[in-house]
Amino acid sequence: MISVRRAAAQDAEAVADVYLRARHAAVPAIPPPAHPDQEVRAWLADTVLPRQEVWMAEASPAVVAIAMMVLDRDWVEQLYVDPDWTGRGIGTRMIDLAKRLRPSGLQLWAFQSNVRAHRFYERHGFLAVERTDGTANEERAPDVRYVWRPAGPPS
């Protein structure tokens with residue numbers, strides 16, 4: 001069974017494990033993390049979890065973290081699914097949750113090289129609205145800003 005819940009401070013290690021496994025497995029489709037694993041773990045524990053809305057998906061009965069998502073206002077700051085769990089609808093559950101929590105709309109950045117992410121977000125109603133050369137992100141990799149707005153009433 002898969003459950004989704006708000007992460008707490010004691011979940012920092014599990015959240016970081018999912019983030020790092022997914023980031024490392026996605027190379028070379030996306031650039032590697034710009035910081036060493038220990039810095040990423042500290043950033044998630046000391047900055048992200050206390051200040052942003054972090055959600056996690058868990059598989060039971062073993063209660064293993066399999067996905068993480070960070071929301072900050074209308075931004076999906078992070079969304080990663082453990083590589084062993086991709087293709088099972090978990091990313092969809094997370095993005096559907098984000099849409100329920102932010103019914104007026106969402107936005108996010110994805111690396112231009114991450115074709116799988118583009119297909120995923122576009123399949124879920126996100127539109128590419130901006131492309132950059134990557135000079136504003138830590139990885140210095142070109143990216144795309146996606147926006148989702150709820151459908152309005154039929155005309």
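Sequential numbering from 1 along the given sequence is applied to the chain's residues.
When the side chains of ILVMFWY residues are joined at heavy-atom separations under 4.5 Å, either directly or via intervening members, W109 and V144 end up in two distinct hydrophobic clusters. One hydrophobic cluster, built from ILVMFWY side chains closer than 4.5 Å, holds both M69 and L108. V15 and W85 are assigned to two separate hydrophobic clusters, defined by single-linkage of ILVMFWY side chains at heavy-atom distances under 4.5 Å. If you chain together hydrophobic residues whose side chains sit under 4.5 Å apart, L97 and V54 never meet in one group.
R51 places no side-chain N or O within 3.5 Å of a backbone atom of D46 that could act as its donor or acceptor partner. Remark: side-chain polar atoms of K99 are not paired, donor with acceptor, to backbone N or O of W148 under 3.5 angstrom. Looking at R93, its side chain does come within 3.5 Å of a backbone N or O of I2 through a donor-acceptor pair. Checked by atom type and distance alone, the side chain of E58 never pairs as donor or acceptor with a backbone atom of A65 at under 3.5 Å. The main-chain N or O of W55 is never found under 3.5 Å from a side-chain atom of R6 such that the two would form a donor-acceptor pair.
If you take CG on D133 and CD on Q112, they are separated by 9.0 Å, rounding to the nearest 0.5 Å. Put simply, CD1 on I30 and NE2 on H24 are 10.0 Å apart, with the number rounded to the nearest 0.5 Å. Note that OH of Y19 and CZ of R41 are 12.0 Å apart. Values are rounded to the nearest 0.5 Å. Atoms OG1 and CG, on T135 and N137 in that order, are 8.0 Å from each other to the nearest 0.5 Å. One finds the CG atom of D96 at 6.5 Å from the CZ atom of R100 (value rounded to the nearest 0.5 Å). From Q78, atom CD reaches atom CE of M68 across 5.5 Å, with rounding to the nearest 0.5 Å.
Within a 6.0 Å sphere centred on CD of E122, heavy atoms belonging to other residues, nucleotides or ligands number more than 12.
A salt bridge between D82 and R21 is present, with a side-chain N of the basic residue lying under 4.0 Å from a carboxylate O of the acidic one.
Of the candidates F126, Y146, W75, F126 is the only one forming a side chain to side chain contact (heavy atoms under 4.5 Å, CB included) with L106.
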Candidate pair V76 and L71, rule side chain to side chain contact (heavy atoms under 4.5 Å, CB included), full reasoning:
CA-CA 5 Å; V76 178; L71 298 176; 3.8 Å; yes
*asked:* Could you go through E53 and R102, starting from their C-alpha distance and side-chain angles, then the distance that decides it, and tell me whether this counts as side chain to side chain contact (heavy atoms under 4.5 Å, CB included)?
replied: CA-CA 12 Å; E53 193 174 331; R102 306 294 191 274; 2.7 Å; yes
* side chain to side chain contact (heavy atoms under 4.5 Å, CB included) evaluation trace for L127 with V147 -> CA-CA 5 Å; L127 299 174; V147 172; 5.6 Å; no
Please step through side chain to side chain contact (heavy atoms under 4.5 Å, CB included) for the pair Y121 and L79, ending with a clear verdict. CA-CA 11 Å; Y121 292 120; L79 175 56; 3.6 Å; yes
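H35 has its side chain out of reach of W43: every pair of non-hydrogen atoms, C-beta onward, lies at least 4.5 Å apart. The shortest distance between side-chain heavy atoms of V18 and M56 does not fall below 4.5 Å. Residues R116 and T86 meet the side-chain proximity criterion, which asks for heavy atoms closer than 4.5 Å.
The shortest heavy-atom contact between V4 and A57 is CG2-CB, 4.1 Å.
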